[in-house]
Asks: 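I'd like to ask some things about the structure below.
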Amino acid sequence: MNLFTTIITLTIGLSIILAIVSFWLPQMNPDYEKLSPYECGFDPLGTARLPFSLRFFLVAILFLLFDLEIALLLPLPWGDQLMSPLITFMWASAVLILLTLGLIYEWIQGGLEWAE
């Protein structure tokens, strides 16, 4: 029980010390750039009728698609513990091949180019 109370005391003490130091250390004079909201490179105080870059939107959607692919394939190493790991790996391979073909198609069509 003595070890438990020592650990709890150290944890609470360290948390209080870090909370107090975090209030004293930061600079209290933020500049205009840090206080202004950031909206994807657009001026948030200007007009809302500016044209939006469709190419930026498409690249962002592609990024989200491949990010989702990674999230779906993360549990794949544990797939060998299933009853039929071969079927799991075949489905994962099919998904990877389909997304790779989509990436190649986008690359050939020029969908990954930032500027024309």
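By convention here, the first residue in the shown sequence is residue 1. Just so it is clear, the model here is predicted, and its values are computed rather than measured.
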Asks: May I have the list of side-chain donor-acceptor pairs in residues 58-68 shorter than 3.5 Å, sequence neighbours left out?
Replies:
none

Asks: Rounded to the nearest 0.5 Å, how far does OG1 of Thr11 lie from CD1 of Ile16?
Replies: 11.0 Å

Asks: Give the cluster check for Trp107 versus Leu99: same hydrophobic cluster or not, with ILVMFWY residues linked at side-chain heavy-atom distances below 4.5 Å.
Replies: yes

Asks: Considering residues at least two apart in sequence or located in another chain, which fulfil the side-chain contact (heavy atoms from CB on, under 4.5 Å) criterion with Ile104?
Replies: Thr100, Ile108

Asks: If you measure from CG on Leu98 to CG on Leu103, what distance do you get to the nearest 0.5 Å?
Replies: 11.5 Å

Asks: To which residues is Leu101 joined in a hydrophobic cluster, defined by side-chain heavy-atom contacts under 4.5 Å among Ile, Leu, Val, Met, Phe, Trp and Tyr, whether direct or through other members?
Replies: Ile97

Asks: Rounded at 0.5 Å granularity, tell me how far CD1 in Ile17 sits from OG in Ser22.
Replies: 12.0 Å

Asks: Looking at Val95, Thr88, Ile87, which hits side chain to side chain contact (heavy atoms under 4.5 Å, CB included) with Trp91?
Replies: Ile87

Asks: Quick check for you: to the nearest 0.5 Å, what is the distance between Ser15 atom OG and Ile20 atom CD1?
Replies: 11.0 Å

